[in-house]
Amino acid sequence: MITSVIMPAYNSAAYIAAAIASVVAQSEPDWELIVSDDGSRDDTVAIVQQAAASDPRIRLLTGAGNRGPAQARNAAIAAARGRYIAFLDSDDLWKPDKLARQLAFMQARDIAFSFTSYDRIDAEGHVIDTHLVHRPATYDSLLKSCVIGCLTAIYDTQKLGKVMMPDIRKRQDFGLWLRLLKRVEAAYPLEESLALYRVHANSVSANKLSAARYTWALYHDVEKLGLVRSAWYFVHYAAHGVFNTYVRPRLPPG
């Protein structure tokens, strides 16, 4: 069963070769990598073309202009041939057993939507810390705190269909998880750290402020929660950013 790996790219020449290599290095060989370029002006396209020439499992999609990551990802999802949809951004990395371990976890427990822990790394690849996940995510709990890292998520199209991201400039992955959780009771965590999320130090504060603005817009404008409910969940979201606490999961038997 093929896993389609969705990778949006925009001016990603500095890191995309390493991101692609981390997919090629997977111990699970049954995958396709769809790189959806969003109008890059650097050497991104040439790097992907070179990788695709040496491995037929890699495909390049190109679009007109800079559409934003939601449209780039959705184009790749639409083109995907696999039963499973997974995500990896062009500056992040997977550990070699990521697909094998996560797919085995999903298949053993008949899980439709899963995610894992991950390490945060700096621009040079040094580990900063580990983001641990311990509990299943439901629609309600995810509204309070989005614990699902995009680079760790996998969903099963046979069970859930092909589900697209909302067309917003940021937090579109959060929006997709909410859409999926309207179709399934919960997303289940594999506690192992199986991916590496790259943190760019010069944008951390700006990203937090921007994420907060787009989180509010997701609650109020996309999910249509209304002013009071949006404010309620936003308070939880902000508090979680400060305290970052988790509880133990209850997993399906397997």
Side-chain angles (χ1 to χ4, degrees), residues 1-7 15 18-33 57 73 82-139 141-142 144-160 173-174 176-178 180-181 184-199 240-241 243-254:
M1 290 175 286
I2 296 173
T3 299
S4 295
V5 184
I6 307 304
M7 181 181 291
Y15 299 110
I20 292 171
S22 77
V23 178
V24 173
Q26 290 299 298
S27 58
E28 165 56 55
D30 199 5
W31 53 263
E32 62 171 359
L33 172 61
R57 296 173 295 179
R73 287 188 178 116
R83 170 176 172 175
Y84 295 97
I85 302 290
F87 300 90
L88 181 65
D89 282 354
S90 57
D91 56 349
D92 296 333
L93 304 166
W94 280 352
K95 297 181 182 180
D97 289 332
K98 197 267 187 188
L99 277 183
R101 296 287 296 161
Q102 193 167 357
L103 292 175
F105 169 74
M106 294 176 72
Q107 291 161 6
R109 293 173 170 81
D110 196 28
I111 289 170
F113 179 19
S114 75
F115 59 106
T116 80
S117 299
Y118 60 89
D119 297 334
R120 297 196 316 151
I121 59 174
D122 63 19
E124 289 73 41
H126 303 118
V127 174
I128 300 168
D129 56 27
T130 300
H131 177 87
L132 294 172
V133 293
H134 301 304
R135 65 180 180 189
T138 64
Y139 180 82
S141 72
L142 204 73
K144 295 176 182 177
S145 169
C146 185
V147 297
I148 301 174
C150 188
L151 71 168
T152 76
I154 297 181
Y155 75 88
D156 184 346
T157 65
Q158 184 170 296
K159 296 179 180 297
L160 301 176
D173 52 342
F174 188 3
L176 174 58
W177 315 150
L178 292 172
L180 291 170
L181 288 169
V184 67
E185 181 179 358
Y188 290 96
L190 178 56
E191 295 186 35
E192 296 177 57
S193 177
L194 296 174
L196 303 165
Y197 172 76
R198 198 180 303 274
V199 177
H240 184 271
F243 296 108
N244 196 28
T245 57
Y246 301 95
V247 296
R248 284 281 168 183
R250 296 173 62 186
L251 296 177

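What you are looking at is a predicted structure, and each value in this text was computed from that prediction instead of being measured.
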Handout entry: Main-chain N/O of Q102 paired with E28 side-chain donor or acceptor, under 3.5 Å
Key = no
Exercise for the section: Evaluate the side-chain proximity of L194 to W94: yes if any heavy-atom separation is below 4.5 Å, no if none is. Expected result: no
Exercise for the section: Could you please spell out the steps behind the side-chain contact (heavy atoms from CB on, under 4.5 Å) verdict for I154 and L99? Expected result: CA-CA 9 Å; I154 297 181; L99 277 183; 3.9 Å; yes
Problem - Side chains of L88 and S22 in contact at under 4.5 Å (non-hydrogen atoms) - result: yes
Practice task
Evaluate the side-chain proximity of R57 to V23: yes if any heavy-atom separation is below 4.5 Å, no if none is.
Solution key: no
Practice task
Using side chain to side chain contact (heavy atoms under 4.5 Å, CB included) as the criterion, point out the one residue from L196, T130, D129 that pairs with R120.
Solution key: D129
Practice task
Mind listing the closest non-hydrogen atom pair of S90 and A19 along with its distance?
Solution key: O-CB, 3.5 Å
Handout entry: Heavy-atom pair with the smallest gap, counting every atom of S114 and M106
Key = OG-SD, 3.1 Å
Exercise for the section: Kindly write out the residues that satisfy side-chain contact (heavy atoms from CB on, under 4.5 Å) with D110, not counting sequence neighbours, or none if the list is empty. Expected result: K159
Problem - Nearest non-hydrogen partners of A112 and L160, listed with the distance - result: O-CD1, 3.8 Å
Completion exercise
One should read off an interatomic distance between L142 CG and W177 CH2, to the nearest 0.5 angstrom, of 9.5 Å
Exercise for the section: Locate the shortest heavy-atom distance separating F115 from T152; write the atom from each residue and the value. Expected result: CB-OG1, 3.4 Å
Practice task
Assess whether atom CZ of R101 is packed by more than 12 heavy atoms of other residues, nucleotides or ligands within 6.0 Å.
Solution key: no
Problem - Ion pair check, K95 and D119, cut-off under 4.0 Å - result: yes
Practice task
Please test D92 against M7 for side-chain contact (heavy atoms from CB on, under 4.5 Å), starting from the C-alpha separation and ending with a verdict.
Solution key: CA-CA 10 Å; D92 296 333; M7 181 181 291; over 6 Å; no
Completion exercise
Separation between SG (C150) and CZ (R73), nearest 0.5 Å, reads 4.0 Å
Exercise for the section: With the side chain counted from C-beta on, respond yes when L132 and E191 share a heavy-atom pair under 4.5 Å apart, and no when they do not. Expected result: no
Practice task
For V184 and Y139, run side-chain contact (heavy atoms from CB on, under 4.5 Å): C-alpha distance rounded to whole Å, both residues' side-chain angles, the deciding distance at 0.1 Å, then the answer.
Solution key: CA-CA 9 Å; V184 67; Y139 180 82; over 6 Å; no
Problem - Interatomic distance, T157 atom OG1 to I85 atom CD1 [nearest 0.5 angstrom] - result: 6.0 Å
Completion exercise
Residues passing the side chain to side chain donor-acceptor pair (under 3.5 Å) test with Q26, sequence neighbours excluded, are none
Handout entry: Side-chain heavy atoms of Y15 within contact of R198, under 4.5 Å
Key = yes
Practice task
Decide if atom CD of E185 counts as having more than 12 heavy atoms of other residues, nucleotides or ligands within a radius under 6.0 Å.
Solution key: no
Fill in the blank from the handout: Exactly one candidate in D156, D30, T3 meets side-chain hydrogen bond (donor to acceptor under 3.5 Å, both in side chains) with R83; the answer is D156
Problem - Which atom of A186 lies closest to which atom of P136, heavy atoms considered - result: CB-CB, 4.2 Å
Problem - Geometric class of the H131/Y118 ring pair [parallel <30°, tilted 30-60°, perpendicular >60°] - result: parallel
Handout entry: Note, F105 side chain near T116 side chain (heavy atom, < 4.5 Å)
Key = no
Handout entry: Pairwise distance CG(D89) to CG(D173) - rounded to 0.5 angstrom
Key = 8.0 Å
Practice task
Compare all side-chain heavy atoms of L176 with those of F87 and state whether any distance is below 4.5 angstrom.
Solution key: yes
Problem - Working for side-chain contact (heavy atoms from CB on, under 4.5 Å), residues L93 and I121 - result: CA-CA 10 Å; L93 304 166; I121 59 174; 4.2 Å; yes
Practice task
Determine whether the side chains of E32 and S4 contain a donor N or O and an acceptor N or O closer than 3.5 Å.
Solution key: yes
Handout entry: Over 12 non-hydrogen atoms of neighbours within 6.0 angstrom of OH in Y197
Key = no
